[in-house]
Amino acid sequence: MNINTIIRQYDFNLEYAKVLTHDLTEEQMTIVPAVGLDNHPAFTIGHLISGSADLARDLGASFEMPDAWAALFVRKGPGDPRKPDPEKNKYPSKLVLITELEKQHNKVKKLLIELDPHKLKEPLSWRFSNFMPTLGDVVTFMCINHESMHLGQLAAWRRSMGLESALALVKHNNKN
């Protein structure tokens, strides 16, 4: 898999995130409709922002998120017992979240485009090194798998709220 393929998937995930949230009200952004669907849209988008900020750091840039967002959105992965903060007023607006997600995506894409391809083969130590031991593995996971997993949770959240499938809207918007 090459960087252009990864970037295309990353771009798709950004578009999908926008479509998943396009018709949600500010109130809906923090609703937890059922046990097991704790990752409401505001948390999910914020968590994806933190993932991109982490990836930017792995790619040699600084970790940058607005003040207090790291405490709200960063998780240590599987086994982290924390759930999204129940204080709804702590979450930024949908527009602020989507704008920051796009900003983080653009930062990561720029870093990927400018990256020496040989760097992708360098080892990177992290909790899943036994499965994904190189920077290239981490880039693929964070840009594609990590985002897809959380966007799938958001798609399930939408269905539990009785909302229409957003994936159909992505296809329709592209008119292909």
S.K.: How about L112 and C143: do any of their side-chain heavy atoms sit closer than 4.5 Å?
M.R.: yes
S.K.: Testing the basics here: between A17 and I45, what is the closest heavy-atom pair and its distance to 0.1 Å?
M.R.: CB-CD1, 4.0 Å
S.K.: What distance do Y10 atom OH and L55 atom CG have between them, rounded to the nearest 0.5 Å?
M.R.: 6.0 Å
S.K.: For a side-chain contact (heavy atoms from CB on, under 4.5 Å) check, start with the C-alpha distance between S62 and R57, then their side-chain angles and the critical distance, and finish with the verdict.
M.R.: CA-CA 5 Å; S62 58; R57 181 178 47 214; over 6 Å; no
S.K.: Examine I113 and V108 and state if one hydrophobic cluster contains both, with Ile, Leu, Val, Met, Phe, Trp and Tyr joined whenever side-chain heavy atoms are less than 4.5 Å apart.
M.R.: yes
S.K.: Determine whether L154 and T21 satisfy the following criterion, side-chain contact (heavy atoms from CB on, under 4.5 Å), listing intermediate values before the conclusion.
M.R.: CA-CA 9 Å; L154 189 48; T21 58; 4.0 Å; yes
S.K.: Check step by step if ring-ring contact (aromatic ring centres under 6.0 Å, His included) holds for F141 and W126.
M.R.: CA-CA 12 Å; F141 175 75; W126 69 307; 5.7 Å; yes
S.K.: Whether E64 and K107 form a salt bridge (side-chain N of Lys/Arg under 4.0 Å from carboxylate O of Asp/Glu) is what I want to check.
M.R.: yes
S.K.: Are the side chain of T99 and the backbone of V96 linked by a donor-acceptor contact shorter than 3.5 Å?
M.R.: no
S.K.: CG of D11 to CD of E102: how many Å apart, nearest 0.5 Å?
M.R.: 9.5 Å
S.K.: So how far is it from L115 CG to L135 CG, rounded to the nearest 0.5 Å?
M.R.: 6.0 Å
S.K.: Would you say the side-chain atoms of D137 and T134 include a donor-acceptor pair closer than 3.5 Å?
M.R.: yes
S.K.: Please report the closest heavy-atom contact between L20 and A155, naming both atoms and the distance.
M.R.: CD2-CA, 3.9 Å
S.K.: Taking R82 for the side chain and L72 for the main chain, is one N or O donor matched with an acceptor at less than 3.5 Å?
M.R.: no
S.K.: Compare every heavy atom of S50 with every heavy atom of F63, then report the nearest pair and how far apart it is.
M.R.: CE1-O, 3.9 Å
S.K.: If you define the side chain from C-beta out and look only at heavy atoms, does anything of T5 sit under 4.5 Å from R8?
M.R.: yes
S.K.: Within a 6.0 Å radius of atom CD on E27, are there more than 12 heavy atoms belonging to other residues, nucleotides or ligands?
M.R.: no
S.K.: Find out whether Q28 and P41 are in side-chain contact, i.e. whether some heavy atom of one side chain is under 4.5 Å from a heavy atom of the other.
M.R.: no
S.K.: Does any pair with a residue in residues 149-167 pass salt bridge (Lys or Arg N to Asp or Glu O under 4.0 Å), and if so which ones, sequence neighbours excluded?
M.R.: D23-R158
S.K.: Judged by modelled atom types alone, do Q153 and H150 share a side-chain donor-acceptor pair under 3.5 Å?
M.R.: yes
S.K.: Can you tell if the side chain of N106 reaches within under 4.5 Å of the side chain of K110, non-hydrogen atoms only?
M.R.: no
S.K.: I need the minimum non-hydrogen distance between F43 and P84, along with the two atoms involved.
M.R.: CG-CG, 3.5 Å
S.K.: Any side-chain heavy-atom pair from S52 and H105 closer than 4.5 angstrom?
M.R.: yes
S.K.: Between W157 and M161, is the side-chain contact (heavy atoms from CB on, under 4.5 Å) condition met? List the steps.
M.R.: CA-CA 6 Å; W157 179 96; M161 294 287 292; 3.7 Å; yes
S.K.: Among the clusters formed by ILVMFWY side chains lying less than 4.5 Å apart, do L24 and V32 turn up in the same one?
M.R.: no
S.K.: With no hydrogens and no angle check, just 3.5 Å: does a side-chain donor-acceptor pair link S148 and Y16?
M.R.: no
S.K.: Give the minimum heavy-atom separation between L151 and N13, together with the two atoms involved.
M.R.: CD1-O, 3.4 Å
S.K.: One pair to check against side-chain contact (heavy atoms from CB on, under 4.5 Å): M142 and M132. What are the steps and the verdict?
M.R.: CA-CA 11 Å; M142 292 303 292; M132 298 167 262; over 6 Å; no
S.K.: With rounding to the nearest 0.5 Å, note down the distance linking CD in E26 to NZ in K88.
M.R.: 12.5 Å
S.K.: Are I3 and I7 packed together at the side-chain level, in the sense that at least one heavy-atom pair is separated by less than 4.5 angstrom?
M.R.: yes
S.K.: Just wondering, are more than 12 heavy atoms of other shown residues or ligands nearer than 6.0 Å to CG in D67?
M.R.: no
S.K.: Would you compute the distance between atom CG of D116 and atom NZ of K121 and round it to the nearest 0.5 angstrom?
M.R.: 10.0 Å
S.K.: Less than 4.5 Å apart, any side-chain heavy atom of M65 and any of I49?
M.R.: yes
S.K.: What I'd like to find out is whether the side chain of H40 reaches to under 4.5 Å of the side chain of M29, using heavy atoms alone.
M.R.: no
S.K.: When you group the ILVMFWY residues by side-chain heavy-atom contacts below 4.5 Å and let the links chain together, are L95 and L101 in the same group?
M.R.: no
S.K.: Identify the heavy atoms of L37 and A156 that sit nearest to each other, and give their distance.
M.R.: CD2-CB, 4.4 Å
S.K.: Counting N and O atoms only, with roles assigned by atom type, does the side chain of K119 sit under 3.5 Å from a partner on the main chain of L59, one being a donor and the other an acceptor?
M.R.: no
